[in-house]
Protein chains: 2
Amino acid sequence: MRGGSGSLRIDDIDQQIIALLQEDARYSYAEIGARAALSAPAVKRRVDRLRAGKVIKGFTAIVDPVAIGWTTEAFVELFCTGRTSPTQLSAAAKRHPAVVGLFTVSGEADALVHLRAADIAGIEQALERLRAEPFVTSTRSMIVLSRLID
Amino acid sequence: MRGGSGSLRIDDIDQQIIALLQEDARYSYAEIGARAALSAPAVKRRVDRLRAGKVIKGFTAIVDPVAIGWTTEAFVELFCTGRTSPTQLSAAAKRHPAVVGLFTVSGEADALVHLRAADIAGIEQALERLRAEPFVTSTRSMIVLSRLID
DNA sequence: ATTGAAAGTAAGGATTA
DNA sequence: TAATCCTTACTTTCAAT
């Protein structure tokens with residue numbers, strides 16, 4: 001696991017810092033320190049270490065997709081030809097901007113794709129392109145009617 | 001649409017600010033302003049407005065789940081009794097900490113649940129609890145073998 | 001002319017490094 | 001501890017009435 005995130009020792013204080021940053025990534029180091037009983041510089045050192053160790057991959061804004069025009073999503077089960085590698089899958093997925101999630105799975109299907117688009121037409125287009133991939137033998141789609149939790 | 005995010009007008013500069021904050025939620029207002037051709041206070045005002053309008057729901061750290069001990073996930077298709085309301089579904093889901101995503105869907109299943117746990121045992125336990133819900137008639141599980149994109 | 005929305009400037013107090 | 005950043009109040013600009 002060289003260079004990976006598994007090589008880092010994470011203690012309770014790290015856990016606490018991570019939890020706070022997940023709650024609000026814009027908390028100041030001083031504020032985090034106040035809750036974790038640490039000085040601001042000490043918090044920064046730990047956060048830097050967690051980022052360097054890829055435990056924290058970054059910080060992002062949680063945006064309402066509907067508000068910026070991405071109103072439609074779907075989950076698509078992918079059935080693939082005999083030997084389709086994960087590498088092959090993710091390379092294909094990265095060519096399609098509508099793909100926001102991709103997982104290989106156990107069960108009937110080989111992979112599960114999470115799609116997001118401006119409208120049904122966008123989902124349809126992405127689906128057509130996915131089905132055109134040489135390794136895809138068939139698909140089964142679930143259009144998301146409402147997002148209850150995410 | 002009172003109070004909702006749909007009532008807010010979002011122009012190109014807002015889009016740019018949102019994109020930058022999605023890229024790194026800890027960019028300073030000054031840095032965002034430099035790229036969006038705005039002063040720092042002007043950026044702050046727009047961000048405050050976007051947050052108040054729920055377009056930006058918050059800021060969070062992107063954490064490697066494996067690094068903090070959440071190594072296993074699954075997607076579970078839920079088949080429910082005749083009239084199961086979304087409200088009922090999400091109320092039930094909130095009782096189960098392993099549920100990280102929940103969607104009502106079109107297709108064979110009524111809902112799709114995204115589970116995350118420390119190990120297979122945790123997934124199994126969450127699944128048992130879900131199946132014990134009175135409105136659940138049956139389930140179909142996909143264990144995630146590898147997360148390629150998310 | 002006047003109002004309202006939105007941007008810039010400047011200053012202090014807090015945070016970062 | 002020095003430099004940077006956040007925040008607030010005040011001023012300016014511009015468009016619409």
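The chains referred to below are lettered A, B, ... by the order of the sequence lines, with proteins before strands, and numbering in each begins at 1.
Side-chain N/O atoms of K44(A) include none lying less than 4.0 angstrom from OP1 or OP2 on dT16(C).
Counting any heavy atom pair closer than 4.0 Å across all strands shown, R46(B) reaches sugar-phosphate atoms only and no base atom. Residue contacts for S39(B): at a heavy-atom cut-off of 4.0 Å it reaches a base atom on one of the strands shown. Heavy atoms of R45(A) sit nowhere under 4.0 angstrom from any nucleic acid atom. When heavy atoms are screened at a 4.0 angstrom cut-off, P41(A) is found touching no nucleic acid atom at all.
For the pair R26(A) and Y29(B), the cation-pi criterion (under 6.0 Å, within 45° of the ring axis) is fulfilled. Cation-pi check for R35(B) over Y27(B) is met; the charged atom lies under 6.0 angstrom from the ring centroid and within 45 degrees of its normal.
Between E31(A) atom CD and dA14(C) atom C1' there is a gap of 12 Å when expressed in whole angstrom units. The separation between L8(B) atom CG and dA6(C) atom C1' is 14 Å, rounded to whole Å. Rounded to whole Å, the distance from OH on Y27(B) to C1' on dT15(C) is 20 Å. If you measure from atom CZ of R49(B) to atom C1' of dA6(C), you get 10 Å, rounded to the nearest angstrom. Between Y29(B) atom OH and dA14(C) atom C1' there is a gap of 14 Å when expressed in whole angstrom units.
Note on D14(A) versus R49(A): salt bridge recorded, some NZ/NE/NH1/NH2 to OD/OE distance being below 4.0 Å.
Annotation: dG12(C) and dT12(D) have their C1' atoms spaced 22 Å apart (nearest Å).
In the model, T137(A) has no side-chain atom that pairs as donor or acceptor with a side-chain atom of T81(A) under 3.5 Å. Side chains of H96(A) and E133(A): a donor-acceptor N/O pair is present below 3.5 angstrom, by distance only.
In this pair, H114(B) and F75(B) present their aromatic rings parallel. The plane angle is below 30°, not in the 30 to 60° band.
Taking 4.0 Å as the cutoff to heavy atoms of chain B, we find the contact window on DNA chain D bounded by dC5(D) to dT8(D).
Of all non-hydrogen atoms in S90(A) and L102(A), the two that sit nearest each other are CA-CD2, 3.8 Å.
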